[in-house]
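Note on naming: letters A, B, ... go to the chains in the order of the sequence lines (proteins, then strands), and numbering restarts at 1 for each one.
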Amino acid sequence: MTVAEMAKELSLKPLVAADETREVTGGYAGDLLSWVMGRAQSGDAWVTIMSNANIVAVATLADPSAVILSEGVLPEENVLKLAETKGVNIYMSEEDTFSVCGKLAKLL
Amino acid sequence: MSDELKFHFDVHGDNFTSAGEASVEVKKKLRQLGFPPDVIRRVSIAMYEGEINMVIHARGGEADVLVYPDRIVIVLEDHGPGIANIDLAMQEGYSTAPDSVRSLGFGAGMGLPNMKRYTEEMNIESTVGVGTKITMVVKVQ
């Protein structure tokens with residue numbers, strides 16, 4: 001499943017669609033950045049409520065296929081600009097982390 | 001003479017937003033040099049954790065990355081408060097980070113454990129009141 005297909009299935013709003021053709025190979029949920037870096041796998045869709053600029057650095061290093069901000073969280077404009085320059089996919093869901101993960105798990 | 005490539009970075013202590021720039025830069029360079037993705041991931045994550053530690057605890061520091069064909073050596077040095085109890089600091093979940101840092105998603109007590117987890121060798125030299133020097137080696141399999 002590509003990021004674009006996942007976004008459609010989960011009704012995600014694209015905030016930065018840097019590479020929608022990327023394959024989603026798994027999922028990971030977490031807000032503590034070291035946990036995410038230590039446990040998330042490359043290709044996972046990462047679901048979080050964290051929206052500060054550090055999520056872009058973590059995404060660049062841990063290499064998830066997309067970052068999904070749950071609970072309708074919107075990052076500041078500079079975070080989105082940074083994600084664009086780094087080629088990081090960022091989407092937003094109005095639903096909470098549990099609901100997003102439940103639906104994602106069914107798709108995978 | 002050895003044929004290593006050396007990269008040097010100053011890690012600024014006052015800025016969580018720019019923290020990670022050195023790690024991302026190293027990731028880019030290692031990719032250009034053709035290292036395997038797993039090696040690049042481990043080096044850049046270990047280095048990012050070290051960078052964040054220096055920003056949180058030591059008002060910044062310096063990072064040197066030495067690239068050899070068979071291994072990558074990361075040296076992080078700061079003049080911060082030092083680590084009083086290294087065994088305790090190495091335990092997952094133990095953290096002395098302030099609440100202001102936790103609200104950014106850091107301070108989970110996973111930094112040093114992650115650095116150890118992602119590297120083949122890790123050595124910590126630290127003196128309270130003087131500073132900390134961490135040397136990590138990632139081997140290229």
Side-chain angles (χ1 to χ4, degrees), chain A residues 16 18-19 22-23 25-26 28-44 46-71 73-90 92 97, chain B residues 11-12 15-31 36-53 55-56 74 89-95 97 99-119 138:
Chain A
V16 179
D19 177 10
R22 188 136 181 229
E23 198 67 20
T25 52
Y28 189 85
D31 305 317
L32 293 173
L33 302 181
S34 287
W35 277 88
V36 177
M37 273 193 298
R39 316 273 164 158
Q41 302 295 311
S42 175
D44 281 354
W46 168 29
V47 187
T48 182
I49 54 163
M50 274 292 161
S51 63
N52 61 63
N54 302 298
I55 62 170
V56 179
V58 169
T60 306
L61 299 172
D63 197 34
S65 51
V67 182
I68 302 173
L69 303 176
S70 57
E71 308 263 13
V73 167
L74 285 171
E76 288 180 10
E77 194 55 36
N78 64 327
V79 176
L80 298 179
K81 284 214 174 80
L82 187 63
E84 261 172 45
T85 61
K86 304 287 183 196
V88 173
N89 289 322
I90 301 189
M92 186 269 277
T97 297
Chain B
V11 178
H12 300 290
N15 196 336
F16 276 101
T17 307
S18 68
E21 275 175 6
S23 318
V24 171
E25 189 62 27
V26 165
K27 180 173 185 171
K28 203 195 306 177
K29 288 189 192 302
L30 293 179
R31 196 186 278 154
D38 173 60
V39 170
I40 297 172
R41 181 181 154 90
R42 290 191 291 128
V43 168
S44 54
I45 290 176
M47 189 167 162
Y48 182 64
E49 293 284 15
E51 263 192 89
I52 290 295
N53 277 349
V55 175
I56 294 175
I74 307 156
M90 288 303 298
Q91 282 180 19
E92 288 192 4
Y94 178 82
S95 174
D99 286 345
S100 59
V101 167
R102 288 173 206 256
S103 68
L104 292 172
F106 298 115
M110 292 294 292
L112 288 172
N114 266 358
M115 288 156 74
K116 186 168 178 64
R117 179 189 174 120
Y118 278 113
T119 57
V138 172

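In this structure, B:Leu104 and A:Asn52 approach most closely via the heavy-atom pair O-ND2, 3.1 Å. The minimum heavy-atom distance between A:Leu32 and B:Ala108, with the atom names listed, is CD1-CB, 3.9 Å.
The CZ atom of B:Arg102 sits 14.5 Å away from the CG atom of A:Asp31 when rounded to the nearest 0.5 Å. Atom NZ in B:Lys28 sits 6.0 Å away from atom NZ in A:Lys86 (nearest 0.5 Å). A distance of 7.5 Å separates CG of A:Asp63 from CZ of B:Arg41, quoted to the nearest 0.5 Å. Residue A:Leu33 holds its CG atom at 6.0 Å from OH of B:Tyr48, rounded to the nearest 0.5 Å. In this structure, CZ on A:Arg39 lies 4.5 Å from CE on B:Met110, to the nearest 0.5 angstrom. Rounded to the nearest 0.5 Å, atoms OG (A:Ser34) and CD (B:Glu92) are 10.5 Å apart.
The environment of A:Glu23 atom CD is dense: over 12 non-hydrogen atoms of other residues, nucleotides or ligands sit within 6.0 angstrom.
For the pair B:Tyr118 (side chain) and A:Gly38 (backbone), a donor-acceptor distance under 3.5 Å is present.
Interface remark: A:Met50 contributes side-chain atoms only to the contact with chain B (heavy atom separation under 4.5 Å).
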